[in-house]
Structures are given as structure tokens and as C-alpha cells.
Protein chains: 2
Amino acid sequence: MDARAKDLRIEQLRHLCRQHGLVLTPQRRAILQAVLEADDHPTAERVQAALARRRLRVSRATVFRTLESFARLGVITKACHPGSSVRYDRRTDRHHHLVCLRCERVIDIQDARLDALPVPDTRRLGFVVSDFKVQLRGICRECREQEDKT
Amino acid sequence: MDARAKDLRIEQLRHLCRQHGLVLTPQRRAILQAVLEADDHPTAERVQAALARRRLRVSRATVFRTLESFARLGVITKACHPGSSVRYDRRTDRHHHLVCLRCERVIDIQDARLDALPVPDTRRLGFVVSDFKVQLRGICRECREQEDKT
DNA sequence: TTAAGTGCAAAAGCTTTGCGGGTAG
DNA sequence: CTACCCGCAAAGCTTTTGCACTTAA
């Protein structure tokens, strides 16, 4: 993600914080930056590790609390995945995911034809759809190469 | 799920076990039955609770191990979801999900037009797609009603 | 019979919570 | 000033592991 886009997102965060009576602390800013720099749908733990690499110590509790509140604010989203720890996605725009069933990696893809899919009517279920996402499930390159060796 | 369909799935499990040198133990059979009877993409813990309701005591470790190996065998699948514990799906056929962003509930839907989606070419990424699934994200009826109260 | 599976208990990993002290606005 | 936020540490979940005992085929 380029610097310009990152600045915009920080600006957006500043706005949302003001709007919701939250303080834009250095920790919050750093956590958002770390997520924006990750393209691998990181867990809280990986976000903390990325901060540590930059010599920023932020407590584990703060990382968890902050990511959760960012997701509530809509600055970032939660990625759906088959594993067992929450993963966050820096993207809030429409895109789709390749999900590796072996290593549980999640890879972003863009595809105009998928964006145009016909959203079914879910009103009779009382479910209000705000967005959609296509998951293409399969095996990633790395996992296939690993397999070939055995 | 009707009795006939359940029997077929147990038969399928027997086959797969034989094929992979696994023993079809009473625990494994009971765990599969419990998953087949659940329509809510249960966690390991909920599967164990369902067994307990039927007065079947199966250790936690066995439930975890077994669900994991069922998913590897392809008797059941793992559901992708935004939360923090693994959830299993009794369905192995193509279908789609409504995901509630508030309570993280996952609801199955069937839709022929979604089934007919144009799958993009991911070969240049080295990713081999075996299946796909559409996630419609939004807020479920229960969560909206809850919200209206406040 | 005997390889494979299970239960148990402990360890390991993930997430939340309560609280006292610190800080932005 | 004052509400909000952070770090810490402990508690609460979820999942895995090692090992001795049991059992299905």
C-alpha cells in the first residue's frame, strides 16, 4: 500500500475516532499502520510482532482491544477463514479471497465478474446483506510444491 | 437431515476409513452423527455437548482429533467464519453462506445463480481452485431485532 | 493379537477482563 | 480536570500433545 493511501486511512481513522469519542493515541495509529502494511490478513499476534520489529512495544491486550474496535468502526474488516484465531483484513473495499485448505493462507484477488454477481434476495430470512465476498478454495502454490516433494 | 441421507454418510465414512487404514470406532460414528444433526456449523465444544445430551461421553481430545481428520478425509468441511474457534460444516456439496457480522452466525443458502459463478483463472498464481463459496455478509434477523430494542 | 484409538491431564496458544496509574484534550 | 486509555497480570477459552490403557478388526 502506498504512502498516500496510508495517509488517507489514518485520516479516516482520525475522523472516526472524533466521531465516536475515541482518542487517536500513538498505539492506535501504529496498530493501524501495521495492519495497512500487512498483506497476509494477520492475527493480533502477528500485528504485535510487526510492531516489535519496529521497536514499538504495545501490550497484547491493547492490540486485541484495538483491532476489535477498528473492525467495529469499519476502518478494517475481519477476514473469514477456516482456522482458529481471528484474522484482520486491511481492505474494506469489495474483493475476493483464495483460501488454501492446507495452510489456511488467505490471498486477495480482484475480479470484476465476481463483483457483479447476482445477490439473492434474503429478505424472507430477515437477513440484511451489506456486502459479499467470494471464496475460492483450493491449494496454494507453496503447498502443492511441498506435496510434490513427498 | 433425513435418516436415509445420514446412513449414506456413515457408509461413506466406513469406506473412507477402510481406504485410509482408519478404524471406524463408535466414537467416530457418534461424532459424525452429531455433526450431521447440527445445522449451525458447530465448534468442537458444541459437538461434544450434543454428544453429552445423548449421554455419550467422548473426551475433548478425541472430538478435536476426529473432527480434524474428518475434514482431511473430506467427510465434512471446515466453515470459514470471522471468529476465533474452528467451526465445521456437515455439508460437502456446493452451497453458500450468510455470515452475520454481529453474532458471527453462519446460515446456509442455496442459489443456482451463485452456483453458476464464472470462476476466475488463478493459474498464474499457482493456486488450484477445487471449489468456491459465496459469503453474503450482513446482519441477521435476531441481531437486528436486538438492535431495535436499544 | 496388535496396531490404532481413546481418555486423561498437562501444556500451549488465543482472547478477555479488572484494575491502578498515566495521559490526551 | 476528567474521561479515556494503556500496561500488566490473571483468568478464561480453545486446541494440541504425550503417554498409559483399551479395543476394533
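Every chain is numbered from 1 and lettered A, B, ... according to where its sequence line falls, protein lines coming before strand lines. Excluded from the calculations below are hydrogen atoms, water molecules and symmetry mates; all remaining heavy atoms, backbone and side chain alike, are included.
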Going by the rule salt bridge (Lys or Arg N to Asp or Glu O under 4.0 Å), which residues pair with A:D7 if we only count those two or more places apart in sequence or in a different chain? none

Does anything in residues 61-73 of chain B come within less than 4.0 Å of DNA chain D? Heavy atoms only, and list the residues if so. B:A61, B:F64, B:R65

May I ask you to check whether B:H41 and B:H97 place their ring centers less than 6.0 Å from one another? yes

Side-chain donor/acceptor pairs under 3.5 Å, residues 13-26 of chain A, sequence neighbours excluded:
unit_1, atom_1, unit_2, atom_2, d
A:R14, NE, A:E11, OE1, 3.3
A:R14, NE, A:E11, OE2, 3.2
A:T25, OG1, A:R28, N, 3.2

Taking ring pair (Phe, Tyr, Trp, His ring centres under 6.0 Å) as the test, write out the residues that go with A:H96, two or more places apart. none

So if I take residues 81-92 of chain B and measure heavy-atom distances to DNA chain D, which residues fall below 4.0 Å? B:S85, B:V86

First contact, last contact: which nucleotides of DNA chain D are these for chain B, 5' to 3', heavy-atom distance under 4.0 Å? D:dT14 to D:dA25

Applying salt bridge (Lys or Arg N to Asp or Glu O under 4.0 Å) to B:R72 and not counting sequence neighbours gives none

End-to-end bend of the helix from C:dT1-D:dA25 to C:dG25-D:dC1 (five-pair axes, 10° rounding)? 40°

For DNA chain C, which residues in residues 8-18 of chain B have a heavy atom at a distance below 4.0 Å? none

Under 3.5 Å, side-chain donor or acceptor atoms of residues 64-71 of chain B against the rest of the protein: list the pairs with distances, not counting sequence neighbours.
unit_1, atom_1, unit_2, atom_2, d
B:T66, OG1, B:T62, O, 2.6
B:E68, OE1, B:Y88, OH, 2.6
B:E68, OE2, B:K78, NZ, 3.0
B:S69, OG, B:T66, O, 3.2

Measure all distances between protein nitrogen or oxygen atoms and nitrogen or oxygen atoms of nucleotides 22-25 of chain C, and list the pairs falling under 3.5 Å.
none

Taken in chain and number order and not counting sequence neighbours, the residues that satisfy side chain to side chain contact (heavy atoms under 4.5 Å, CB included) with B:R54 are B:Q33, B:E37, B:L56

